[in-house]
Amino acid sequence: MSDAIPMVLAEGVTKSFGSNEVLKGISLEVQRGEVMCLVGPSGSGKSTFLRCINHLEVLSAGRLSVDGELVGYREMNGKLFELHPKEAARQRRDIGMVFQRFNLFPHMTALQNVTEAPQRVKGLPKAQVERQARELLARVGLDDRADYYPAHLSGGQQQRVAIARALAMEPKLMLFDEPTSALDPELVGEVLDVMKGLAKSGMTMIVVTHEMGFAREVADSLVFMDGGVVVEAGDPAVVLSNPQHQRTQAFLSKVL
Amino acid sequence: MSSAQSNRAPAVPGNDRSLPSTAAPIKAIRLRHPWRTVFAVIIVLLAVTFILDAAQRPAYDWPSVAKYVFDRRITLAAITTLELTVLSMVIAIVLGIVLAIMRLSPNPVVKSVAWVYLWIFRGTPVYVQLVFWGLFALIYKTITVGIPFGEPLMTFDTRSVINTFGLAVIGLALNEAAYMAEIVRAGLLSVDRGQEEAATALGMSWFQTMRRVIVPQSMRIIIPPTGNEVISMLKTTSLVTAVPFSYDLYTRSRDISAETFNVIPMLLVASIWYLLFTSILMVGQYFLERRFARGVGDRRPDRKSSATRVLPIVGAHQATVIGTPATSGQNPRLGRGRNENDE
Ligand SMILES: Nc1ncnc2c1ncn2[C@@H]1O[C@H](COP(=O)(O)OP(=O)(O)OP(=O)(O)O)[C@@H](O)[C@H]1O
Ligand SMILES: [Mg+2]
């Protein structure tokens with residue numbers, strides 16, 4: 001686990017649904033502690049790529065590794081062996097994911113949402129898990145909402161609980177799939193603030209977003225995807241102010 | 001993360017607090033519904049007439065009803081009926097869950113096996129199935145345990161391992177499992193796909209995801225029709241005479257009336273017991289439904305005694321204001337605009 005190994009290494013990642021090739025060979029690297037923003041038009045395969053990283057989707061071709069470990073497979077004597085679901089689940093523990101539609105467990109309180117995985121998956125003692133969960137809820141500014149059910153929280157609060165839930169597993173990588181797209185405009189800021197704090201604390205993050213302000217301010221790198229390929233990548237300030245590719249220019253002129 | 005802290009509180013000023021208190025209650029003459037009153041009076045009169053008539057009509061023979069309702073043979077039969085119901089329902093629910101999961105399986109063989117099961121057991125009358133089970137010992141005189149095409153390991157005489165009660169339970173359970181499978185499947189499918197995804201992404205196994213996330217949420221959909229099925233099963237047990245098994249409530253009261261030549265009071269006796277059990281089941285269902293409404297009902301931690309149990313208004317996407325704890329605690333409208341599925 002030296003610093004030389006990138007946190008995420010994608011080499012020619014390809015994914016097809018039937019005859020529909022959604023990812024056509026994505027190659028990129030995310031370093032430890034890096035915040036990468038992934039932008040692109042709808043249907044360009046951003047969500048699919050994120051889902052490949054934690055093996056919610058199975059690759060059709062290419063290689064993908066997280067922290068030097070191949071995702072979903074084990075390599076022995078030059079051959080790939082599919083991982084047992086248990087081992088795939090173990091890999092996912094270290095990768096947090098935040099969804100556009102929050103996907104909180106509606107039958108559990110905010111606190112229970114956060115304690116569920118550490119308690120059931122890691123088997124940690126209840127008292128310890130609850131103390132950590134309360135700390136995490138305080139960190140996202142929701143210590144006073146611990147006993148509320150998701151239905152009684154605003155969208156922004158729900159998304160912050162979802163972030164706390166993902167952090168509770170102490171992941172080494174966080175994936176955000178349009179975390180603010182389902183929010184009313186005045187609630188976007190509170191979620192972005194939490195994410196900024198997380199970035200500052202050194203978390204490695206891949207963020208699919210349409211918030212170009214966030215990308216400019218927080219991201220270390222920006223990747224523009226279209227039609228299942230990486231069209232342009234680089235420093236956010238450079239890509240946003242001086243896009244080289246015509247498709248990037250067309251997209252940015254619409255969202256900026 | 002102080003930036004998040006400071007960002008939380010600023011609610012729309014004034015807006016929440018003033019609304020409920022300033023609006024004066026409406027004072028208006030209530031609209032009258034004269035026809036409703038007329039119909040209500042007619043129905044009540046008819047009901048009273050019927051009850052008064054029934055109370056003194058000799059055919060009902062109420063003294064006999066009173067005499068037999070706690071007759072030992074009847075109470076034992078009532079317990080037997082309850083046993084039949086509970087045992088067959090438990091087996092049916094377990095088998096139904098297995099069949100439902102099989103039907104949702106990606107494996108085509110597993111899927112078709114479940115489909116064929118449903119096709120047969122839903123496609124034929126339960127009475128016919130019970131007659132078949134009664135003939136089971138005739139059709140299969142011995143039961144052999146072993147590997148297919150291999151040497152038998154053990155052989156039993158069918159009659160020695162299973163009696164008519166067991167056959168009745170099997171017959172009822174296997175039929176009911178087909179219906180339970182569809183109820184469970186509908187419940188599992190009603191849970192948003194994002195729930196499974198979120199649980200999987202947290203590293204939960206398939207079984208943990210099912211047990212902790214999917215099944216508890218599907219319960220809200222599964223319980224009401226299952227309550228129906230239990231009540232229906234209670235009454236279907238009266239068909240076990242087809243096996244033939246004759247110690248259930250209905251068959252037993254028929255047998256008694258065959259001795260006394262007085263059919264009607266015994267029917268009333270059986271009905272009283274069926275009604276009693278059904279009522280108890282309905283109360284149980286009410287409490288179960290309440291338990292699994294957690295997180296979707298209107299109860300909030302700070303308003304435990306809330307009487308309303310209405311679902312949140314689905315799809316009302318107006319901006320939801322985040323209040324300070326004090327204001328949002330008082331205002332029942334807050335945070336209820338959102339759908340329970342985080343839409
Ligand atoms: N499970 C699936 N089965 C079949 N096709 C799928 C599936 N998931 C995604 N797709 C297809 O893959 C393409 C890319 O989808 P994806 O969700 O990755 O896009 P996206 O870039 O995230 O778009 P958006 O901005 O709208 O979220 C779409 O055309 C979609 O229809
Ligand atoms: Mg997407």
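Here is the naming used below: chain letters follow the sequence lines, and residue numbers restart at 1 for every chain.
- With hydrogens and angles ignored, the 3.5 Å screen pairs no side-chain donor or acceptor of A:Glu116 with any backbone N or O of B:Val213.
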Apply side-chain contact (heavy atoms from CB on, under 4.5 Å) to the pair B:Thr200 and A:His55, showing each step before the final yes or no.
CA-CA 10 Å; B:Thr200 310; A:His55 207 51; over 6 Å; no
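- For a residue to count as touching a neighbouring chain, one of its non-hydrogen atoms must lie under 4.5 Å from one of that chain's; by this rule A:Ile95 touches chain B with the backbone only.
- Residues A:Leu104 and B:Gln195 share a closest heavy-atom pair of O-NE2, 2.7 Å.
- Per-residue counts of heavy-atom pairs under 4.5 Å with chain B were compared for A:Arg51, A:Met169, A:Gln100; the largest is that of A:Arg51.
- Contact of A:Arg120 with chain B is made through backbone and side chain together, with heavy-atom distances under 4.5 Å.
- Around atom CZ of A:Phe17, more than 12 heavy atoms belonging to other residues, nucleotides or ligands sit under 6.0 Å away.
- Just one of A:Arg165, A:Met97, A:Arg92, A:Arg93 meets the side-chain contact (heavy atoms from CB on, under 4.5 Å) condition when paired with B:Leu202; it is A:Arg165.
- Judged by distance alone, with hydrogens and angles left aside, the side-chain atoms of A:Asn103 form no donor-acceptor pair with the main-chain N or O of B:Ala198 at under 3.5 Å.
- Formation of a donor-acceptor pair under 3.5 Å by the B:Gln217 side chain with backbone atoms of A:His107 is not found in this model.
- Shown here is A:Gln128, whose CD atom has more than 12 heavy atoms of other residues, nucleotides or ligands within 6.0 Å.
- Note that CZ of A:Phe105 is 11.5 Å distant from CG of B:Asp192, once rounded to the nearest 0.5 Å.
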